[in-house]
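See below for the structure under consideration.
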Amino acid sequence: MPKDMDKIVALCKRRGFIFQDSEIYGGLNGFWDYGPLGTDLKRNVRNVWWEDMIGRHDPLDPPENAPASFHMVGVETTIIMHPQVWKVSGHYDLFVDKMVDCKECKARFRADHVNVAVLVANFPDDPSAGKQAIACESFMPDAATGMGLSNSKAKKLDQALLAFGKDKSSKPVGDVVVMSYLDFLVRQEAEGQNLKASCPTCGGELTTPRDFNLMFKTIIGALGTEEDAAYLRPETAQGIFVNFKNVCDSSRVKLPLGICQVGKSFRNEITPRNFTFRSREFEQMEIEFFCHPSESPKWYDYWRARRYQWYQDLGIAKENLILREHHKDELAHYSCGTADIEYAFPFMSAGEYGELEGVAHRGDFDLRSHMEGKLKNENGELVVELDAKGQPRHRGSGKDLSYFDDSTRERFIPHVIEPSAGADRATLAFICEAYAEDEAPDDKGNMQVRTLMRFHPRLAPVKAAVFPLVKKDGQPEKAKEIYRALKNAGIAVQYDEQAAIGKRYRRQDEIGTPWCITVDPETMSEGTVTIRDRDSLEQVRIPAGEVVDEISRRLRG
RNA sequence: GCGGGAGUAACUCAGUUGGUAGAGUGUCUGCCUUCCAAGCAGAAUGUCGCCGGUUCGAGUCCGGUCUCCCGCUCCA
């Protein structure tokens, strides 16, 4: 049974997990706030990630399934960086997409995605007639066949050719040339022609291409002008790349080496939607893993498997999670391989998944870019992109970012494997996965619907709650004692003496507290308390003095 | 950005032809003392998304705007 996203969103608000940003002013599209429980939950997601990737990492011996031992360290870099970073990384050019709209059907396309088939006619019997572009049809490339020009449109081109040749003595021959809409416009301009490409779907008139800046622009300096434009980072990765040399020079680390960072990133998503899934301000948890080029495929495999497993270890059911290898033509121009870890969010249709994390094999693209300048893919080779004067389009730092391996006396530019996870998306996935409704008996033994969040104990915002069964006979005092002992041990715990015991259990179920500890008459006589399990509803009795140890033990797994 | 739907208490929603707002849940306070929400009693809470217009009077009609949901588009 699919989960109801509306109910999940309602619970998130009702219990203080996630609020719409600036809600009292009507909200702000694409921005979300975390309430008290959501803040703890998301912090747990971040902390568990940091702990598992760095804190608990053992650099002395190879971890399970790893090709070799390796180092993992962290950095924290700024949201605003030198503007040249984004020019070199390609974001400046790529994030400023040219978009065209259809004035008729209102469809919007990326201008470089619209293809135009131009019919160029010539008269083989009459060379003096020259070549002329006489007709065009626009179409969207069909991913399946690679041939998006429909038969009807091809026929129209044929007819145009026939009509063109009608009053000529010799027969025209036509060549169909396919180009992007942007190239088409450039050629029309250059050749002084005025063919008009129309909407690929409805044939309506298209607007001229307009800029869409997907990076947030800002100004540095109180008196800053457009000259001082800077950008909020669209990814945390670049802060790692530009510090690669600093980290190597300062940290007594060797390759293979992972440098990790958690932090906010910003993208002007065109259509923010689906709760927090596509937000304009979001948090990333990224690893840039640097290794020898010859070892990179092994590390790519390692990180894909390890990161896929990580979500499962924290409670995401395997049937809701896929590891999807990108198809070749889906790869970014720099990537030698990318796999997405995707989750079957309730708001997606059956069989569809939303990306939680991308694990990309980036080769030496990033370090080379920051050395040499913005790179482009030319016939499978990454080369520095040049401007009209033959200079680099965007100049690199000129610094040598290669790595010298002392043991092999070899110098090389490391390859990078990038597991890049979304903290908000992971948090949302954990929320969706945790949401459950089951049936539990009420005090009369009738089955009632119970709403609960089955958070993994490491992620649960509240780990335990302590109740007195009744508000008398010294039970509240005893319960508070246990509550404080847990607090002092650094365990997130709540105390509740309000209303019937069953109601208190349900309250904790709804926020995903794994364990409830209840003080009852037997506590007063025998010194034992019950620990009730959220998922099984089972209770076990242990000495009150062992509660802190027992909960700590359970939290360690 | 387009098309469709929606916005009323913290949540889910009702609100008849325009006559100055209700229910359930939740929250809080007592009582009860009982191990899985619905025993009893009581209380608080809304400029009906926002702005403007029509009207003697607008939650209700009109215009604009913001936000959410669905579809399209987009998602290096």
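Below, read A as the first sequence line, B as the second, and so on, with proteins coming before strands; counting in each chain starts at 1.
- In this view, Phe347(A) and Phe277(A), Phe345(A) satisfy the ring pair (Phe, Tyr, Trp, His ring centres under 6.0 Å) rule, not counting sequence neighbours.
- As a whole-Å value, the separation of Arg280(A) CZ from U67(B) P is 8 Å.
- Base-pair partner of G59(B): not found among the strands shown (Watson-Crick or G-U wobble, both distances under 3.5 Å).
- What separates CD of Gln475(A) from P of C35(B) is a distance of 10 Å, to the nearest Å.
- For the pair Ile8(A) CD1 and C68(B) C1', the interatomic distance rounds to 16 Å; values are reported in whole Å.
- At a threshold of 4.5 Å between non-hydrogen side-chain atoms, the residues Arg450(A) and Glu437(A) do not count as touching.
- In this structure, Trp515(A) atom CH2 and C36(B) atom C1' are separated by 19 Å, rounded to whole Å.
- Nucleotides C56(B) and G49(B) place their C1' atoms 27 Å apart, quoted to the nearest Å.
- Considering only the side chain of Val470(A), U33(B) comes nearest among U67(B), U34(B), U33(B).
- Rounded to a whole Å, the CG atom of Asp520(A) is 9 Å from the P atom of C35(B).
- Residues satisfying the side chain to side chain contact (heavy atoms under 4.5 Å, CB included) criterion with Arg324(A), sequence neighbours excluded, are Ile322(A), His326(A), Glu330(A), Asp340(A), Glu342(A).
- Side chain to side chain, Glu481(A) and Tyr483(A) fail the donor-acceptor criterion of an N or O pair below 3.5 Å.
- Among the heavy atoms of the strands lying under 4.0 Å from Gly30(A) are primed sugar atoms or P, OP1, OP2 only; no base atom is included.
- The gap from the P atom of G59(B) to that of A9(B) amounts to 14 Å, rounded to the nearest Å.
- Checked against side chain to side chain contact (heavy atoms under 4.5 Å, CB included), Asp21(A) has the following partners two or more places apart in sequence or in another chain: Leu28(A), Phe31(A), Asp33(A).
- Here the options are Arg307(A), Arg425(A), Arg304(A), the test is salt bridge (Lys or Arg N to Asp or Glu O under 4.0 Å), and the partner is Glu357(A); only Arg307(A) passes.
- For the pair Phe277(A) CZ and C68(B) P, the computed distance is 16 Å after rounding to whole Å.
- Summarising the base pairing, C35(B) is matched to no nucleotide, lacking a Watson-Crick or G-U wobble pair whose two defining distances lie under 3.5 Å.
- Contact annotation for Phe275(A): backbone-only contact, meaning every heavy-atom pair under 4.0 Å involves sugar-phosphate atoms and none involves a base.
- The side chain of Arg15(A) lies closest to G26(B) when the candidates are C35(B), U67(B), G26(B).
- With both pairing distances under 3.5 Å, U27(B) is matched to A43(B) as a Watson-Crick or G-U wobble pair.
- When Leu37(A), Ile511(A), Thr513(A) are each tested for a side-chain contact (heavy atoms from CB on, under 4.5 Å) with Pro461(A), only one passes: Leu37(A).
- If you take NZ of Lys7(A) and C1' of C68(B), they are 19 Å apart, rounded to a whole angstrom.
- The residue among Leu28(A) and Phe347(A) whose nearest nucleotide of RNA chain B lies closer to the 5′ end is Leu28(A).
- Residues satisfying the side chain to side chain contact (heavy atoms under 4.5 Å, CB included) test with Pro514(A), not counting sequence neighbours, are Pro457(A), Ala460(A), Arg534(A).
- Comparing U34(B), G26(B), A76(B) by their nearest atom to the side chain of Glu235(A) picks out A76(B).
- Using a 4.0 Å cut-off on heavy atoms, the residues of residues 522-541 of chain A that approach RNA chain B are Thr530(A), Arg532(A), Leu537(A), Gln539(A), listed by number.
- Side-chain contact check for Leu375(A) versus Val384(A): some heavy-atom pair is nearer than 4.5 Å.
- OP1 or OP2 of C69(B) has not a single side-chain nitrogen or oxygen of Asn274(A) nearer than 4.0 Å.
- A21(B) and U45(B) have their C1' atoms separated by 13 Å, given to the nearest Å.
- For C68(B) and C11(B), the C1' atoms lie 16 Å apart once the distance is rounded to whole Å.
- Remark: Arg395(A) engages no residue in a salt bridge (Lys or Arg N to Asp or Glu O under 4.0 Å) (not counting sequence neighbours).
- When the C1' atom is compared between C13(B) and C31(B), the two are found 32 Å apart, to the nearest whole Å.
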Please write out the pairs of protein N or O atoms and N or O atoms of nucleotides 4-11 of chain B separated by less than 3.5 Å, giving the distance to one decimal.
from	atom 1	to	atom 2	distance (Å)
C11(B)	OP1	Lys13(A)	NZ	2.4

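- Gln494(A) and Gln508(A) share a side-chain donor-acceptor pair at under 3.5 Å.
- Checking G71(B) for Watson-Crick or G-U wobble geometry (two distances, each under 3.5 Å) identifies C2(B) as its partner.
- Here Glu418(A) pairs with Arg362(A) under the salt bridge (Lys or Arg N to Asp or Glu O under 4.0 Å) rule; sequence neighbours left out.
- Only the P atoms considered, U29(B) is 31 Å distant from C50(B), to the nearest whole Å.
- A donor-acceptor contact under 3.5 angstrom links the side chains of Tyr34(A) and Asp424(A), judged on distance only.
- Base-pair partner of G7(B): C66(B) (Watson-Crick or G-U wobble, both distances under 3.5 Å).
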Could you list all N or O pairs between the protein and nucleotides 39-43 of chain B that sit under 3.5 Å apart?
from	atom 1	to	atom 2	distance (Å)
G39(B)	OP2	Lys444(A)	NZ	2.5

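- At least one side-chain heavy atom of Leu11(A) sits less than 4.5 Å from a side-chain heavy atom of Glu510(A).
- With sequence neighbours left out, the salt bridge (Lys or Arg N to Asp or Glu O under 4.0 Å) criterion links Arg532(A) to Asp509(A).
- Rounded to a whole angstrom, the distance from the C1' atom of G57(B) to that of G64(B) is 23 Å.
- Shown here are the side chain to side chain contact (heavy atoms under 4.5 Å, CB included) partners of Pro543(A), two or more places apart in sequence or in another chain: Glu546(A).
- Taking atom C1' in both A44(B) and G52(B), the straight-line distance is 33 Å, to the nearest Å.
- Contacts of residues 494-509 of chain A with RNA chain B (heavy atom under 4.0 Å): Gln498(A), Ile501(A), Gly502(A), Lys503(A), Tyr505(A), Arg506(A), Arg507(A).
- The distance between atom CD of Glu510(A) and atom C1' of U25(B), rounded to the nearest whole Å, is 11 Å.
- Contact annotation for Val449(A): base contact, defined as any heavy-atom pair under 4.0 Å involving a base atom.
- By the neighbour-count criterion of 12 heavy atoms within 6.0 Å, atom CD of Glu381(A) is sparsely surrounded, having that number or fewer from other residues, nucleotides or ligands.
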